Every structure is written in structure tokens, then in C-alpha cells.
Amino acid sequence: MKQINKIYTPIVFLCFAVAACGPSQETKELQMRAKKIIGALPSKMPGSEKDTPELVSLGKKLYFEKRLSQNNTQSCNSCHNIEGKGAGVDNLPTSPGAFGKNGDRNSPTVLNAGYHFVQFWDGRAADLKAQAKGPILNPIEMAMPSEAEVLKRLNADSEYPGLFAKAFPNEKIAVTYDNVAEAIASFERTLVTPSRFDDFINGDHTALDEDEKDGLYTFISSGCTSCHSGTALGGNSFRKLGQVNPYDTTDFGRFNVTKIAEDKHFFKVPSLRNVSLTAPYFHDGKIATLEDAVQKMAYHQLGQNLSNADTDKIVKFLGTLSDKSRTN
């Protein structure tokens, strides 16, 4: 590990291997620094305190419901797979919709998305509820022709009217499009993925090995946290892609929403939670490996040419951000 206040010595490395020695001063300082800049992932997402078991259960059913697509082929899970070890993505550059046409942006992970300050790459949705409304009616994605058609299908089902009534007991008309989105959002608010990094932040100095701690130090000292900070390590700001060295893209990003010239090529900074599981990378899905993504980010955003050694260190650290239940 590089210097923070002191240089590691062989004796310190030996102490890492012996539990009785406890954490070194350098490890304590690294924990404190990371806790201040990043912090541990909260156990609950904002808004989840109002979610009932009935609402979450309905939302989960809707999340996997293919009848929310025009030809009954697509569900939310199709592009944001959470089954098994799925990391909330389909691991494709861009995702095919109900009729086979691909969208023009990479599908971001739904895991921990409720910690983000806005949704979508361009921030056009304020929260999970607003985001859930979009893909169902998007002609390329799930391609339903109207909200009315969505409600018609749900009301014709033998189960859904009763499930909506239980989830929204105080509403005279429970099956509404707004409630569809609210239920899906409530389920998505359960998709919290604590990691070994959180164990480390919370005081377990053995949660990361020496290479991973070195990677965390390199991640911080290289300036990565200028964008990837906060508990989601991103998801809390817009940044221009290519703010130091231009990135070749025809996607205007945030500008498509605001029509403000200064917003061209600005995108929401993605969260790095579970990033080792969510390849390919960037809004266009053109970056196949995490190593390449790290080096390109350093070059385009920070003006740095990271060595392969420093890149490998950072990649090792990024692996500690994965959900413990989704890694081997």
C-alpha cells in the first residue's frame, strides 16, 4: 500500500496475518478516510420506511410480469436481471426490446438505484417511481400503447385486482398506472447490496486483503472519488463525459432533457456498486472490460494515463463493492 502517513514495513504486513495484532495505524487511517469520502451503504433506501409487505410483494410480481409488454415477452427483469447472481443488468451493450430493436444506451443496474439522486443516464426521471413508468410505454422497450391498455390487462387478471386492493387499502380505485409504478419502486427499494467494502468501513479490518486495501488507496489518491464518492460511489452528480480529453460519442446526454447547450455530453455518474459484475460499461456499452473502463475514465475524466499496475490495483478494490450474495 502506498503511503498515507507512514510506509508499511514487513512487520506491519505480518501483523495483518495475525489477528491478535489488530489493524495497523495505516489501515485505521484508510478506513477513516474511506468512511469520510464514501461511507457505508445504509441498510434501507430512502422512502422504504413507508413500504408495506403487501406493496413490496405486488411490486415484485409486477417486476417479473411480461404482460406489461405489448407482446408478452419483456419484463423489467429482462433488461435488469436480478435472478440468481444477476447484478441488475443483462450484460449486453444495449438491450433488445419487445420487438427486437435495441435501445441506444446501456441498461444500468437496478441494484441500489434508489440511492441515486435521479434516474436514467440523462436524469430525466426524478426517482424510482418516475423511472418505472418509462420503459413500459417506451415504443422500443416494452412497447405498451397506453396506460389504459396496461390497466386493462391487469384488471382482467384473476389475481391483480385483489393484490392491488391489499397494497393500496385506502384507495377506492387501486389499479392505477401510478400505483403500478409505486409498487415496482417499492420492490426496487429492497435491492440493497452490502459488500465486503462496507464491512471494512464498518470496522472489520480483515474484510479486505492487502491488494484490495492498496487498490482502495490508489482509487482515492488517483482522484477517482472526485466523481465516485458517497455511499453509492456515484449516482449523485452529472459530469461531462470527456471533461479533460474528449470521448467520441454522438449522444448528447443531459442536453436531450434540458436543451441547455452546456449540458451536452453530460451524464449521471454511474454508481460503482457491483461494477465488476455489470460489464460492459459506459452509457454506450462499448467498453468490454473493467480494466479498460478504469483506464479510459482516468484518461478522459482526469487526464491521467494509469499504469497497468495501478489499474489492476483499482480493479481489485472495485471487486470488493459487489454484493456478497452475488459473488462466488
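The model shown is predicted, which means the values in this text are computed figures rather than measured ones. The basis for the numbers below is simple: all heavy atoms, side chains too, and nothing from hydrogens, waters or symmetry mates.
Between Tyr217 and Phe317, the ring centre distance reaches or exceeds 6.0 Å. In summary, the aromatic rings of Phe238 and Phe266 are positioned with their centroids too far apart to meet the 6.0 Å limit. Aromatic ring centres of Phe252 and His265: separated by under 6.0 Å.
Proximity of Glu29 to Arg33: side-chain heavy atoms (C-beta onward) are nowhere separated by under 4.5 Å.
For Arg273 (side chain) and Asn112 (main-chain N/O), no donor-acceptor pair under 3.5 Å exists by modelled atom type. In this structure, the side chain of Arg196 does not engage the main chain of Lys324 through any donor-acceptor pair within 3.5 Å. Side-chain atoms of Thr225 never come within 3.5 Å of backbone atoms of His228 as a donor-acceptor pair (strictly under, hydrogens ignored). Under the 3.5 Å distance criterion, the side-chain polar atoms of Asp198 are left unmatched by any main-chain donor or acceptor of Pro194. Panel note: side chain Ser48, backbone Asp51; no donor-acceptor pair is recorded below 3.5 Å.
Side-chain atoms of Asp323 and Ser325 include a donor-acceptor pair closer than 3.5 Å. For the residue pair Asp310 and Thr218, no side-chain donor N or O sits within less than 3.5 Å of a side-chain acceptor on the partner. Inspection of the Asp251 and Thr249 side chains reveals no N or O donor paired with an N or O acceptor under 3.5 Å.
Note on Glu147 versus Lys133: no salt bridge recorded, every NZ/NE/NH1/NH2 to OD/OE distance being 4.0 Å or above. Electrostatic pairing of Asp312 and Lys316 does not count as a salt bridge here, judged by no charged N lying under 4.0 Å from a carboxylate O.
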